[in-house]
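Lettering of chains follows the sequences in order, A, B, ..., and the numbering in each one begins at 1.
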Amino acid sequence: MNLDQLNKKQREAVELIGGPILIFAGAGSGKTRVLTYKIAHLVHNVGLPPENILAVTFTNKAADEMKQRVQELLDIDISSMSVGTFHSISARILRREIHMIGYNNDFVIYDQGDSHALVKGVIRDMELDEKTFVPKSIQAHISKYKNQMISPEYLSKTINGYFDEKLSEIYTIYQNELQANDALDFDDLLLKPLELFSEFPNRLEFYQQKYRYVLVDEYQDTNRPQFELVYLLSKVHRDVCVVGDDDQSIYSWRGADINNILNFSESFGKSSIIKLEQNYRSTQNILDCAWTVVSRNTSRSEKKLWTDNNQGDMLAIIECKDERDESWKILKIIQEETIRKEYSLDELVILYRTNAQSRALEDVLRREGVPYQIIGGVKFYERKEIKDVIAYLRLIVNPNDGISFDRIVNFPARGIGKTTLEKIHKIAKRENSSYLHVLENIDELSVGKKQKKSLLDFRQLILKYQQEYHKQDAASITSDILLDIELKNYYTNQNTQDAAERWTNVEELLNSITDFQEHREDSTLSDFLEEVSLLTDIDRWNESDKAVTLMTIHSAKGLEFPVVIVAGLEEGLFPLGASSFEVEELEEERRLFYVALTRAEKKVYLSYAQARRRFGGPPIPSVQSRFIHELPKSLVNYTYRQLSANKEYHYPNNQASNKQLSPKSPYSIGTQVEHKLFGRGKILAIEGVGDSAKFTVLFSGNVRKKLISKYANLIQIK
DNA sequence: CTTAAATACTTTTTT
DNA sequence: AGTATTTAAG
């Protein structure tokens, strides 16, 4: 295999085998390349079978890409190799093994929302004051304990005062409920394998032998359970290679411990350390700026990236009046970079600290017809209508899933209200059975005649599919259910734009199920449900779409773009809130800024507003972020575009520029179209691009509809 | 029990 | 401003 494409250090990192290896890989130093070559080297030159390699990445998308790149380097099939996130690898292990520790192998995965609902239910059952025991905050506490591997039993021994006592009680019950529901939350996904390994050492041995070589990417962002997993799996053979950069550690709020990387040698014993410090991504200026800022941090291992790339442009600072003005100026930059200069839309990214910032930007981009893609915020699979349908599927696969039961027992409305539901809960608790099971002895339930019938029908419906779902494929089951519950009618009868959109989303879900089936042979309904729970927005991101990307800096980790625009560089927003007061938190914000800058290959724009609205209130004056002041003055252009804000506000709705920006689409704002159902209309707005683009169309009779390009089948009228 | 209207709450960041 | 949750009316 040809290793000529690597520099000396990279090559060393690839060829070094034996014993623990820590690779400090600075931003843009080619760590993905090193990892892929190392895996290929292990298979091709060392002769290690692919099924004996475990590679852990930060996102599913990164996993897919890595697997694909390795495959391109080799001529043998590597599909048996385990590549994935900690969560997906763990889920895969547990699907086979979790019955050993008292769960059903068909367990469901509860996302944040589900687990929130469960916590809330527990607090209600205990009749605690929801002002003192705020479900969200309790949930955060529990998650934190889990990340620190503090069990309910252990916590109950260390309590101190009323709040702690109740908190510990909630935690205990929450955990019991999860088990009763055959459900795991995200944290459990990491903890349960550890539990399994400690109770059944032979299972650990099995995986230690299976995963002969362990590689971990983004190691600086691993938490305690993740560390334990890596440690246990590689304890015997000690063939483990981790890659990371302490300067890019940005997940401590999720329990990630920067000491995992800083103390690697102490934990894993005698190990080799390699530093990759040549950057291939950014210009000298960007690198110098990034380094100047991050080197203010005290807790970091000293290193400095260098590059052969040229000096490049200075960083540009954009001063704006408020967030609206900011959006217009950013739009202006986008148009300059795409129309006059050499960049295409997909080479630009707008980064921000909080998802909420996307709204103002989105408004302007949509109005001006600039194709864009937003990553994050309300995710597709977290939409109400999607979760509702998925709850049906979940309950069919796992009848013990109480959260899903509660969600759909009265959706669409069947006449089952709060009181009826409470009765079911009570009996389930008394008999220690699932909600669905309670319906078997319906006579014990003192409910009205109408309720009784609905409940029996509901039970019958779920039962029917429980028997069916092994025989049929996921897509046809789903569409059958939709017919059975008459969901389409439910939405169309509402006759609102909102409901119509919800139905299109449901159709899109059906589509993605079909997609999933086609891509994965022999996949079951439960496989799909697992995929859905672990999928993130970034995994759905199509980077080749000709559109500007908008996302948080956290989501941008590991990505690169020729032009990066960072919005909202104001004290209190970035660095966010009170982070400015605690040294450790401020340092994490600074690392986040470092990550933002080092995403850029050629150009960086930094914008801030002099006033910003929060929660739709009045604009509140704000000041430039300290991070701007921390940049070296000589490398920054402060005077860039000091245009009067007023002029920028009245940006003409220029159709010529729309055309240029999205040459592929025959549709632009103002296009006359015809729809087979709604008749003639005119496009008012376009969101997104390609098949998934959404058109807002004004039809005759002042009827406004929001349609997805793929399904709308609009005909252009000349 | 259902629907509509009123009110409360949201903004860290995500697997 | 937008969404979720609670309350009041039917």
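- Residue A/Lys131 places its side chain closer to B/dC9 than to any other of B/dC1, B/dC9, B/dT14.
- In this structure, the side chains of A/Lys384 and A/Phe411 come closer than 4.5 Å at one or more pairs of heavy atoms.
- Atom NZ of A/Lys120 is separated from atom C1' of C/dT5 by 7 Å (rounded to the nearest Å).
- Near DNA chain B, defined here as any heavy-atom distance below 4.0 Å, there are no residues from residues 216-231 of chain A.
- A/Leu190 has its CG atom 13 Å from the C1' atom of B/dT14, to the nearest Å.
- Note that CZ of A/Arg626 is 13.5 Å distant from CD of A/Glu570, once rounded to the nearest 0.5 Å.
- Dashed line: the shortest gap from a side-chain N or O of A/Ser555 to OP1 or OP2 of B/dT13 is not under 4.0 Å.
- Residues A/Phe58 and A/Phe615 each lie close to DNA chain B; by heavy-atom proximity, the contact nearer the 5' end of the strand is made by A/Phe615.
- In this structure, A/Ser88 reaches neither bases nor backbone, as no heavy-atom distance under 4.0 Å exists between it and the strands shown.
- Minimum heavy-atom separation, A/Ile89 to A/Gly84: CD1-N, 3.8 Å.
- Nearest to the side chain of A/His87, among B/dT3, B/dT15, B/dT13, sits B/dT15.
- Distance CD (A/Gln112) to P (B/dT12): 13 Å, rounded to an integer number of Å.
- Within the nucleic acid shown, A/Tyr251 comes within 4.0 Å of sugar-phosphate atoms alone, with no base atom in reach, counting heavy atoms only.
- Separating the C1' atom of B/dT11 from that of C/dT6 is a span of 22 Å, rounded to the nearest Å.
- At the heavy-atom level, A/Asp187 lies nowhere under 4.0 Å from the strands shown.
- B/dT12 and C/dT5 are spaced 23 Å apart, taking the C1' atom of each and rounding to whole Å.
- Summarising the geometry, the separation between CD on A/Glu588 and P on B/dT14 is reported as 13 Å, rounded to the nearest angstrom.
- Between A/Trp541 and A/Phe561, the ring planes lie tilted relative to each other; the angle falls in the 30° to 60° range.
- For A/Thr552, the listed nucleotide lying nearest its side chain is B/dT14; candidates were B/dT14, B/dT3, B/dT12.
- Using a cutoff of 4.0 Å between basic side-chain nitrogens and carboxylate oxygens, A/Arg590 and A/Glu630 are scored as salt-bridged.
- The residues A/Glu195 and A/Lys192 are annotated as salt-bridged, a charged nitrogen and a carboxylate oxygen being separated by less than 4.0 angstrom.
- Interatomic distance, CD1 of A/Ile408 versus CG of A/Asp401, reported as 8.5 Å (0.5 Å rounding).
- Comparing atom distances between the A/Glu589 side chain and each of B/dT2, B/dC1, B/dT12 picks out B/dT12 as nearest.
- As a whole-Å value, the separation of A/Arg613 CZ from B/dT10 C1' is 17 Å.
- Near DNA chain B, defined here as any heavy-atom distance below 4.0 Å, the residues from residues 414-422 of chain A are A/Arg414, A/Gly415, A/Ile416, A/Gly417, A/Lys418, A/Thr419, A/Thr420, listed numerically.
- Out of B/dT12, B/dT14, B/dT2, the shortest distance to the side chain of A/Trp253 is found at B/dT14.
- Here A/Asp125 does not pair with A/Lys120 in a salt bridge; the nearest charged N to carboxylate O distance is not below 4.0 Å.
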**Request:** Could you go through the salt bridge (Lys or Arg N to Asp or Glu O under 4.0 Å) check for A/Arg224 and A/Asp257 one step at a time?
**Result:** CA-CA 7 Å; A/Arg224 174 87 193 279; A/Asp257 189 351; over 6 Å; no
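- Look at A/Asn60 and you won't find any side-chain N or O under 4.0 angstrom from OP1 or OP2 of B/dT15.
- We find that CD1 of A/Ile142 is positioned 17 Å from C1' of B/dT15, with the value rounded to whole Å.
- Using a 4.0 Å heavy-atom criterion, one finds that A/Ala356 contacts the bases of the nucleic acid, with or without backbone contacts as well.
- Electrostatic pairing of A/Glu218 and A/Lys31 counts as a salt bridge here, judged by a charged N lying under 4.0 Å from a carboxylate O.
- Judged by distance alone, the side chain of A/Ser625 and the main-chain N or O of A/Phe574 form a donor-acceptor pair under 3.5 Å.
- The separation between A/Lys61 atom NZ and B/dT14 atom C1' is 17 Å, rounded to whole Å.
- Taking atom CZ on A/Phe411 and atom P on B/dT3, their separation rounds to 12 Å, with Å as the unit.
- Residue A/Asn355 is in sugar-phosphate contact alone, with no base atom involved, counting any heavy-atom pair closer than 4.0 Å across all strands shown.
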